[in-house]
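Take a look at the structure set out below.
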Amino acid sequence: MTMVEQLAAFVVRADYADLSAAAREQLKIRVLDSLGCAIGALDGAPIRAIRGYLTEMGGAPRSTLIGGGQTAPDRAAFYNGALVRYLDFNDSYLAPGETCHPSDNLGAVLAAAEYARRSGRDLLTALAVAYQVQCRLSDVAPVRHRGFDHTTQGAYAAAAGVARALGLPPEQTAHAIAISGTAFNALRVTRTGRLSHWKGLAYPNTALGATHVTFLAKHGITGPLEVFEGKKGFMEAIAGPFTIDWAREDLERVTRTILKKYNAEIHAQSAIEAALELKHEHSIRPEEIVRIEVDIFDVAYHIIGGGEEGEKYTVQTKEEADHSLPYMIAVALLDDQVMPEQYRPERIVAPDVQGLLRRVVVRPAAEYSQRFPDEMPCRVTIELRDGRRLSKEKRDYEGFHTRPMPWPRVVEKFERLSAPFTDSRLRQAIIDAVRHLESLPVADLVALLAQVRAPA
């Protein structure tokens, strides 16, 4: 068997009974968290543009759009995936050389599960498969340092999750994953330099493509089964050699994924928590601040601190703001929070935050880099006009796997994000449906999501 055939065998034999109680709980937490992010994004400018595109182009009404309407499964995967991703508030997984957002797979898996009239158990199992594939490939085959985006591993994960949701046999599953992995190798320029809408749409596009090719495989289209180890395949062309024994893999990687406490890039979470704790513990007023020093692990420095992926003091758009550690620290100290409203255009360009972000200095620290990704260590030091230097060190934050966010806190996050587009009755119905998802058909959940009020 080729490597992709071994992976396909893992996908097909995956079963809800294989999930531990902890994994089942964490999957449902991530579904609710992702749906909150999705509903909260309904008014985003790119989301409105995509909705207009879908209205213009149409599609067979097989899968439900959050906020109402139906379209073809691949287009539903794109739209609902864009909703989950747009706020940049959904979960993450940290590997030594890669960071990904496994809940990016929810849009595709949900669309396929609805199309195939699956149960909530089937949905959770397929989602667990997608999480496992993406996280494990991130562990052993990072591609960021070679100039490729983390959506590259996602192409395998999304196809695997969709194939499991559709109930495809091993041969069709292998071909689906092989086509997807061959076709969607994205460039890291998506997240470097001057950021664009594509930062939030790159994975939804991969999910669309993976869903599309999985349906092609369902109809008999074949793909290159040596996609991993073959000549000019993934190993030779991109990742380098690696091994995964799919016969020994479980479905537990979801328990190592982490949630976001703040609406900020994942590597900023502990630093923002430290800055806010310093402010409240010492009653710091932003106008007293002379300088803010953030010593942090090298991955954070390179991605959001001004390292190899570009300077982070030119901040004019949401995409630039939520990938600028200076901006996120500054706006947190000014507003006492980092939520979607901190990325409104008028907030981003306001003089107070534009001035304060230029007083933030970000430095990589070798001692912290050695402790990442098992920890998310940092030290924030605030220098005040009266000469005081106040510091706080963190090793994690609420939402990290060492301090997991419990169900009630995720419910609070869901309610806050979804409130503008739902009433209390609908919010509670969605919360209850997710809480008992293993006992419901997927159709019941999507019927509720169709009732969300999308902006006109």
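This structure is a prediction, so every number in the text was calculated from the model and none was measured.
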Under a 4.5 Å cut-off applied to non-hydrogen side-chain atoms, are Lys312 and Leu325 in contact? no

Heavy-atom check, side chain of Arg85 versus side chain of Leu201, under 4.5 Å: no

Does Val442 reach the side chain of Arg117, with side-chain heavy atoms less than 4.5 Å apart? no

Are the charged groups of Asp322 and Lys318 less than 4.0 angstrom apart, N to O? yes

Donor-acceptor under 3.5 Å (Arg62 side chain, Thr71 main chain): no

Asp374 bridged to Arg371 by N-O distance under 4.0 Å: no

Are Tyr131 and Tyr93, when compared by the centres of their aromatic rings, separated by less than 6.0 Å? no

Checking side-chain contact (heavy atoms from CB on, under 4.5 Å) for the pair Asp88/His323: CA distance, chi angles, key distance, verdict? CA-CA 10 Å; Asp88 205 350; His323 265 54; 3.3 Å; yes

Whether the side chain of Asp122 engages the backbone of Ser119 through a donor-acceptor N/O pair (distance < 3.5 Å, no angle test) should be reported. yes

Indicate whether any N or O donor in one side chain lies under 3.5 Å from an N or O acceptor in the other, for Ser270 and Glu273. no

Applying side-chain contact (heavy atoms from CB on, under 4.5 Å) to Tyr327 and Tyr313, what does each step give before you reach the verdict? CA-CA 8 Å; Tyr327 177 86; Tyr313 295 97; over 6 Å; no

Could you give me the CA-CA distance, side-chain angles and deciding distance for Arg427 and Thr422, then say whether side-chain hydrogen bond (donor to acceptor under 3.5 Å, both in side chains) is met? CA-CA 6 Å; Arg427 287 195 297 277; Thr422 59; 3.2 Å; yes

Using a strict cut-off of less than 4.0 Å between a Lys/Arg side-chain nitrogen and an Asp/Glu carboxylate oxygen, indicate whether Arg144 and Asp149 qualify as a salt bridge. no

Is the NZ or CZ atom of Lys413 positioned over Phe89's six-membered ring, under 6.0 angstrom from the centre and within 45° of the axis? yes

Does the Lys NZ or Arg CZ of Lys261 fall within the cation-pi geometry relative to Phe400 - under 6.0 Å from the ring centre and within 45° of the axis? no

Taking distance alone, no hydrogens or angles, what donor-acceptor pairs closer than 3.5 Å link side-chain atoms of residues 211-229 to residues at least two apart or in another chain?
{"residue": "Thr211", "atom": "OG1", "partner": "Ala207", "partner atom": "O", "Å": "2.7"}
{"residue": "Thr214", "atom": "OG1", "partner": "Ala210", "partner atom": "O", "Å": "2.6"}
{"residue": "Glu229", "atom": "OE2", "partner": "Met3", "partner atom": "N", "Å": "3.2"}

Are Phe297 and Phe372 near enough that their ring centres are under 6.0 Å apart? yes

Whether Arg30 and Asp33 form a salt bridge (side-chain N of Lys/Arg under 4.0 Å from carboxylate O of Asp/Glu) is what I want to check. no

Are Lys260 and Asp91 within salt-bridge range, i.e. N to O under 4.0 Å? no

When you look at Val133 and Phe10, which way does the side-chain contact (heavy atoms from CB on, under 4.5 Å) test go after all the steps? CA-CA 10 Å; Val133 173; Phe10 162 76; 4.3 Å; yes

Between Asn90 and Ser103, is there a side-chain donor-acceptor contact under 3.5 Å, judged purely by atom types and distance? yes

Do Glu341 and Arg347 sit within salt-bridge range, that is, some charged N less than 4.0 Å from a carboxylate O? no

Tell me, with the steps shown, if Ile348 and Thr317 meet side-chain contact (heavy atoms from CB on, under 4.5 Å). CA-CA 7 Å; Ile348 292 171; Thr317 67; 5.7 Å; no

Counting N and O atoms only, with roles assigned by atom type, does the side chain of Glu311 sit under 3.5 Å from a partner on the main chain of Thr314, one being a donor and the other an acceptor? yes

Salt bridge or not between Glu319 and Lys199? Use side-chain N to carboxylate O under 4.0 Å. no

Before accepting this row, confirm whether a basic side-chain N of the pair Arg191/Glu309 lies closer than 4.0 Å to the acidic partner's carboxylate O. no

Taking ring pair (Phe, Tyr, Trp, His ring centres under 6.0 Å) as the definition, give me every residue that meets it alongside His101, ordered by chain and number, with sequence neighbours left out. His150

Reference residue Glu438; test side chain to side chain donor-acceptor pair (under 3.5 Å); the match among Arg24, Arg121, Lys28: Lys28

Qualifying residues under side chain to side chain donor-acceptor pair (under 3.5 Å), relative to Gln316, sequence neighbours excluded: none

For the CD1 atom of Ile431 and the NE2 atom of His436, what is their distance to the nearest 0.5 Å? 11.0 Å

Heavy atoms from other residues, nucleotides or ligands near CZ of Arg48 exceed 12 (cutoff 6.0 Å): yes

